[in-house]
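See below for the structure under consideration.
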Protein chains: 2
Amino acid sequence: MYQIEEVAKKTNLTKRALRYYEELGLVSPSGRTESGYRLYTDEDVTHILHVKNTRDLLGASLQEIKEIMDLGKRYELLKQDYFSDKHANDQHVGEKLRLLTELEVTLRAQRDVLQEKLNKLTEMLQGYDEKLTRITNKKRELEKESKE
Amino acid sequence: MYQIEEVAKKTNLTKRALRYYEELGLVSPSGRTESGYRLYTDEDVTHILHVKNTRDLLGASLQEIKEIMDLGKRYELLKQDYFSDKHANDQHVGEKLRLLTELEVTLRAQRDVLQEKLNKLTEMLQGYDEKLTRITNKKRELEKESKE
DNA sequence: ACAGACATTAACGTTGACGTAAACGTAAAA
DNA sequence: TTTTACGTTTACGTCAACGTTAATGTCTGT
């Protein structure tokens, strides 16, 4: 169990940001000390890093991230439901299918955005590499020239 | 030569954004009409798209992008210099080498950031794919179950 | 026991990246 | 020719994502 400062260092976020994320309902420390200090588990930290990655890499707003995550929670809820005896009911099975489909659609959309970004990133990387080799060549030229 | 509205559509940016980028010194239309309308060339559009990609994919601020681009301009200036007769001067060659090295270092840093992002994106993509297959499986299960 | 480094909440401030409205000129079409 | 639909600059508004400050409580070493 870590205190906020420790987590800030681990995640490279500020304490303010961590509290802000919590305020938005994005992350919640698993516990508090008697006196009210936030206590984070390793799992919490992993979760925070995932949020950060989603923000940085997907470029998603914190609101969007929250929406995705809320959907994830519905998924977890669904999973629990799956093992309850209620699922004998046919109507309930239909409801679960509906939710699963919705989740699938959303995740696939997210995935496609990621894929698109990955493609463009690869292009950009190639561009950089070409520029870099051109520079390296030019440097060689100049060095040769200066020796003559 | 396109007017601003056309460019806005091509780049999927707003007119306001285009003017704002110009204000920051990020992009400049190659010309103006007699009456002061902005005129963009295809090259300008390509440039704007590059800026947009850098913003979206690298997640860089417009200021950072400007700094990168200013370095690019120094590179172009250097290239012109390269063909001037001044480069007979040894000292001048040294200066060029210094600048080229600086440019190389900066670009390589940028490239590494890109590479890092690409790696993380790939990880995330895998995570999404795993989740999606799990969902697909669960859906199959449920569909089977509802048929019995 | 007390200084100093941590924590808390509450509230106002800041910054980047535009949006929006006003007041106006221009170009194309009816 | 007079709408209609573009363009211009200027300037204030907005919103997300925190930063910062204030006022206060808590833990830790000496």
Side-chain angles (χ1 to χ4, degrees), chain A residues 1-41 44-45 47-70 110 113 117, chain B residues 1-42 44-45 47-70 113 117:
Chain A
M1 300 291 256
Y2 314 105
Q3 272 179 223
I4 198 168
E5 171 92 40
E6 185 100 10
V7 177
K9 278 181 191 165
K10 276 178 193 281
T11 61
N12 214 22
L13 288 166
T14 65
K15 291 181 276 182
R16 175 63 174 109
L18 287 171
R19 296 198 187 101
Y20 180 60
Y21 287 9
E22 184 177 349
E23 197 179 318
L24 293 187
L26 275 172
V27 295
S28 311
S30 292
R32 296 265 183 154
T33 70
E34 184 81 14
S35 56
Y37 286 21
R38 273 161 255 256
L39 289 176
Y40 300 83
T41 67
D44 291 337
V45 173
H47 177 60
I48 293 168
L49 286 174
H50 181 251
V51 168
K52 204 196 163 199
N53 273 335
T54 307
R55 188 200 62 177
D56 290 348
L57 303 176
L58 234 151
S61 74
L62 298 179
Q63 265 309 314
E64 288 170 324
I65 296 177
K66 184 172 161 56
E67 282 159 25
I68 299 172
M69 281 183 21
D70 286 351
Q110 289 293 327
V113 171
K117 287 219 173 193
Chain B
M1 299 290 257
Y2 314 106
Q3 272 180 220
I4 196 168
E5 171 91 41
E6 185 99 10
V7 176
K9 277 180 190 164
K10 276 177 192 282
T11 61
N12 215 22
L13 287 165
T14 66
K15 292 180 276 182
R16 176 66 173 101
L18 287 171
R19 298 199 186 100
Y20 179 59
Y21 287 10
E22 184 177 347
E23 195 179 322
L24 294 187
L26 272 173
V27 295
S28 311
S30 291
R32 296 265 182 154
T33 70
E34 183 83 11
S35 56
Y37 286 23
R38 273 161 254 254
L39 289 175
Y40 300 83
T41 67
D42 277 313
D44 290 339
V45 173
H47 177 60
I48 292 169
L49 286 173
H50 182 252
V51 168
K52 203 195 164 199
N53 273 335
T54 308
R55 187 200 61 177
D56 291 346
L57 303 174
L58 234 151
S61 75
L62 298 180
Q63 264 311 314
E64 288 170 325
I65 295 177
K66 185 173 161 54
E67 282 158 24
I68 299 173
M69 281 183 21
D70 286 352
V113 171
K117 287 222 171 191

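Residue numbers start from 1 in every chain, and the chains themselves are labelled A, B, ... in the order their sequence lines are given, proteins ahead of strands.
Taking 4.0 angstrom as the limit, A:Ser35 places a side-chain polar atom (N or O) nearer than this to OP1 or OP2 of D:dC27.
For the side chain to side chain donor-acceptor pair (under 3.5 Å) test, residues two or more places apart in sequence or in another chain that qualify with B:Asp42 are B:Tyr2.
In this structure, B:Glu23 places its CD atom 12 Å from P of C:dC18, rounding to the nearest Å. B:Tyr37 has its OH atom 16 Å from the P atom of C:dC24, to the nearest Å. A:Arg19 has its CZ atom 13 Å from the P atom of C:dC6, to the nearest Å. The interatomic distance linking A:Ile4 (CD1) with C:dT9 (P) rounds to 9 Å, in whole Å. We find that CD of A:Glu22 is positioned 12 Å from P of C:dA10, with the value rounded to whole Å. For B:Leu24 and C:dG16, the CG to P distance is 10 Å, given to the nearest whole Å. Atom-to-atom, NZ of B:Lys66 to P of C:dG16 comes out at 14 Å; the value is rounded to the nearest Å. Between A:Leu18 atom CG and C:dT9 atom P there is a gap of 13 Å when expressed in whole angstrom units.
Taking both residues in full, the closest heavy atoms of B:Tyr40 and B:Glu22 are given as OH-OE1, 4.2 Å, listed atom of the first, atom of the second, then distance. The shortest non-hydrogen separation linking B:Leu57 to B:Lys117 is O-CD, 3.7 Å. The minimum heavy-atom distance linking B:Leu26 with B:Met69 is given by the pair O-CE, 3.1 Å.
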Could you pull out the protein-nucleic contacts involving nucleotides 18-20 of chain D (nitrogen or oxygen on both sides, under 3.5 Å)?
from   : atom 1 : to      : atom 2 : distance (Å)
D:dC18 : OP2    : A:Tyr21 : OH     : 2.7
D:dC18 : OP2    : A:Arg55 : NH1    : 3.3
D:dG19 : OP2    : A:Thr14 : OG1    : 2.7
D:dG19 : N7     : A:Arg16 : NE     : 3.1
D:dG19 : O6     : A:Arg16 : NH2    : 3.0
D:dT20 : O4     : A:Arg16 : NE     : 3.3

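Remark: the backbone N or O of A:Val45 is not paired with any side-chain donor or acceptor of A:Lys10 at under 3.5 angstrom.
A heavy-atom distance below 4.5 Å is not found between the side chains of A:Asp44 and A:Val7.
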